[in-house]
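Order of the sequence lines fixes the chain letters, A, B, ..., with proteins taken first and strands second; residue numbering starts at 1 for each chain.
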Amino acid sequence: MASIQETLKQRFQTALASAFGASYAETDPILGVSSNPKFGDYQANVALSLAKPLKQPPREVAQAIASALVVDDLCETPTVAGPGFVNLTLKPAYLAQWLTQVQSDPRLGIAPTAHPQRVVVDFSSPNIAKEMHVGHLRSTIIGDAIARILEFQGHDVLRLNHVGDWGTQFGMLITYLREACPEALTTSDAVDLGDLVVFYKKAKQRFDEDEAFKETARQAVVKLQSGDAESLKAWGLLCDQSRREFQVIYDWLDIELTERGESFYNPYLADVLTGLIEAQLLVEDAGAQCVFLEGYSNKAGDPMPLIVKKSDGAFNYATTDLAALRYRIGQDKADRILYVTDAGQATHFAQFFQVAQRAGWVPDTVTLTHVPFGLVQGEDGKKLKTRSGETVRLKDLLDEAIARTRSDLQQRLQTEDRTETEDFIEQTARTVGLGAVKYADLSQNRTSSYIFSYDKMLALQGNTAPYLLYAYVRVQGISRKGNIDFSALGDTPLVLEEETELTLVKHLLQLADVVEQVSQDLLPNRLCQYLFELSQKFNQFYDRCPVLQAEEPQRTTRLVLSETTARSLKLGLSLLGIKTLERM
RNA sequence: GCGCUUGUAGCUCAGUGGAUAGAGCAACCGCCUUCUAAGCGGUCGGUCGAUGGUUCGAUCCCAUCCAAGCGCGCCA
């Protein structure tokens, strides 16, 4: 089933061609949801922009379009309003027909994409030997949501965890452990991740202060990258330790990833250099192998290089990123590669994309996109820290959200004199708490920073996960109370009359267009906004339209409306990686 | 110095080349004999950072400026 906007767009293009000639068959009708319900449901603004080339007053152009438009199966007679808007109002009969069709459609009327692509989504990417912290929250949550949306559309998605398992930090860590805790390098489970983090901090301190240590550490990286057996064993142990800890978080958050760290590309690093030589881009400067960039200058105004091999012989992240890019295009056959990282890395991506393009490694059919996001800030507007000024561990952050939800819930149970099992309380607290953290992040415009607040994300009112989950729960309440089997409602014809019913179904109809839009602009907050408005519209309907006590055909109509709302919420939330509950 | 991002209601944030710029929170006023009131309705609240320009039309596009944040040769 084509989405409503897709259908209307085609109708407009047919009308444009018949009114002004075949050359207008591809013209964008500039269609959108009406700015105000009093103007109808959809509006096309194309007449205003066509007035000049056609040398006709915009209202006449609009009138010509409206006259040529064949939409009587969907809409009331189109009207021309204002300076030249064509306004459309959907017919209740069409809406009822749509609702009937969608009732038996598990995809809720959202067709899979006609052009499936192989998409790599590179996200999360924590560093080995460090704990996952707030800094990984956004990449993990946003990347997962984007992957889910593209998967739902029918794209072949490869979710890659480009873990930092190969860089300078290993030189430091191995060098430090060799003197401080040698058994960690030879025995599995000799230390846990918490200890490793402490060691890492100390190693980093030594690295910054002690020149001799720095040199030894650098040599250790080169040794590791050249395949030294002892180094590799130590490295493997450290990675295993970290990996287990990461998995705990991923399990909590219900996130699936294929780990393919920086080390994976080690065998391909030399080819990057060879390739750059072939492309005649590689230049040696101050002992380092680099490619000079177009359009970037340093503080002195001189051209800036992208360094692919350091003067000490070690490769760095730019080399790894280039190797990964080649592998993803060449071996993974990616058509679209998305990098979900913080906005601070924008320059790096632009630079290495440029080098890859100039080297001729990116076919025209492949798109590379950096999907940037802003910082998670504390209430003070600065980067989120604990009270003692430490980085906030992701695990602690999630724990806190669950704990606060649990205590809110218990308090509410007490005031409402309800009794629930421990299991119910635990399940609810986890689903709501984790959902709230995810939703709070996803509902912000990705590109800007946001202020992290447990109070706001867990609030029961407003644009929050609990509000949406409650709307879902309300429908489950109806079906429980009425003992409704939604799969056996019979074939009562649906009749939409009440204002809140029509408003609700018109909103339900928009899900397909919203999903399509989000898959293009990669802004999950638009889906959040849609789901929030859906919940509001459902609550208004719920407030004014009794369901179970209504007479037929209202009763069946309202049951279908409720159920379709619930399924839309569940689907939408699932695309955001958020689970629903039957009761809360 | 160069580059990127952000600046919209008291607060947190949406939003769009088009018809009176939206929501939530906060404040205040209403609504439970009825499917969970974790809800609904209403009131209050704005020179869309500033100034120019493009356009029939700019909060949106362009330029300049102001403010905040971030990045800028061997970290990722």
Side-chain angles (χ1 to χ4, degrees), chain A residues 30 32 34-36 38-39 43 45 48-49 51-52 57-58 81-85 87 125 127 162 164 167-169 204 207 218 262 285-290 295-302 304-312 314-318 320-321 341-348 350-351 372 374-375 377 381-383 408-409 412 416 418 432 443-445 447-451 453 455-456 459-464 466-467 469-471 473-482 484 525-526 528-529 532-533 535-536 539-540 542-549 558 562 583-584:
Chain A
I30 316 182
S34 289
S35 56
N36 186 320
K38 80 178 180 194
F39 300 130
Q43 64 180 66
N45 302 340
L48 292 152
S49 61
K52 187 167 270 185
F85 302 109
N87 289 338
S125 309
N127 290 313
H162 192 75
T168 311
Q169 80 263 30
K204 172 81 169 111
F207 186 85
R218 281 191 176 143
E262 294 171 346
D285 190 71
Q289 302 292 319
C290 9
Y296 293 90
S297 55
N298 62 17
K299 287 166 194 168
D302 300 321
M304 228 174 69
L306 183 78
I307 293 174
V308 290
K309 190 170 186 182
K310 304 194 281 184
S311 53
D312 65 8
F315 298 107
N316 62 6
Y317 63 100
T320 310
D321 281 338
T341 80
D342 70 275
Q345 294 186 46
T347 310
H348 165 66
Q351 292 177 345
L375 293 174
Q377 300 174 322
K382 292 181 184 163
K383 204 167 170 180
D408 286 353
L409 177 62
R412 200 157 47 79
E416 291 176 10
R418 280 168 62 185
V432 175
S443 60
Q444 304 289 322
N445 183 313
T447 52
S448 43
S449 299
Y450 77 96
I451 293 177
S453 160
D455 289 337
K456 284 194 172 139
L460 311 166
Q461 55 281 106
N463 188 5
T464 65
Y467 179 84
L469 291 171
Y470 179 62
V473 160
R474 280 186 138 177
V475 179
Q476 307 316 308
I478 294 173
S479 55
R480 239 190 340 270
K481 185 95 173 189
I484 306 297
N525 64 300
R526 300 214 158 138
C528 294
Q529 188 67 29
F532 174 55
E533 286 169 9
S535 303
Q536 285 182 312
N539 279 329
Q540 288 158 4
Y542 181 92
D543 202 49
R544 275 161 233 173
C545 298
V547 178
L548 294 171
Q549 294 98 318
R558 289 173 184 175
S562 301
R583 291 193 303 127
M584 62 190 277

Original post:
Based on Watson-Crick and G-U pairs with both distances under 3.5 Å, what dot-bracket line describes RNA chain B 5' to 3', crossing pairs as [ ] and inter-strand pairs as |?
Top reply: (((((((..((((....[...)))).(((((.......))))).....(((((..]....))))))))))))....

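Within 4.0 Å of A:I451, counting heavy atoms only, lie sugar-phosphate atoms of the nucleic acid but no base atom. Residue contacts for A:P466: at a heavy-atom cut-off of 4.0 Å it reaches no nucleic acid atom on any strand shown.
Atom pair A:N127:CG and B:rA76:P shows a separation of 10 Å (rounding to whole Å applied). Rounded to whole angstrom, the span from the CG atom of A:L375 across to the C1' atom of B:rC13 amounts to 17 Å. What separates CG of A:N445 from P of B:rG15 is a distance of 5 Å, to the nearest Å.
The side chain of A:Q540 contributes no N or O atom lying less than 4.0 Å from OP1 or OP2 of B:rG39.
Partners of A:A459 under the side chain to side chain contact (heavy atoms under 4.5 Å, CB included) rule, at least two apart in sequence or in another chain, are A:Q461, A:T464.
You won't find any donor-acceptor pair under 3.5 Å spanning the side chain of A:Q529 and the base of B:rA23, going by distance alone. The base of B:rU34 has none of its N or O atoms less than 3.5 Å from a complementary donor or acceptor on the side chain of A:K481.
Atom P of B:rG22 sits at a distance of 27 Å from the matching atom of B:rG30, rounded to the whole Å. For B:rG17 and B:rC62, the C1' atoms lie 13 Å apart once the distance is rounded to whole Å.
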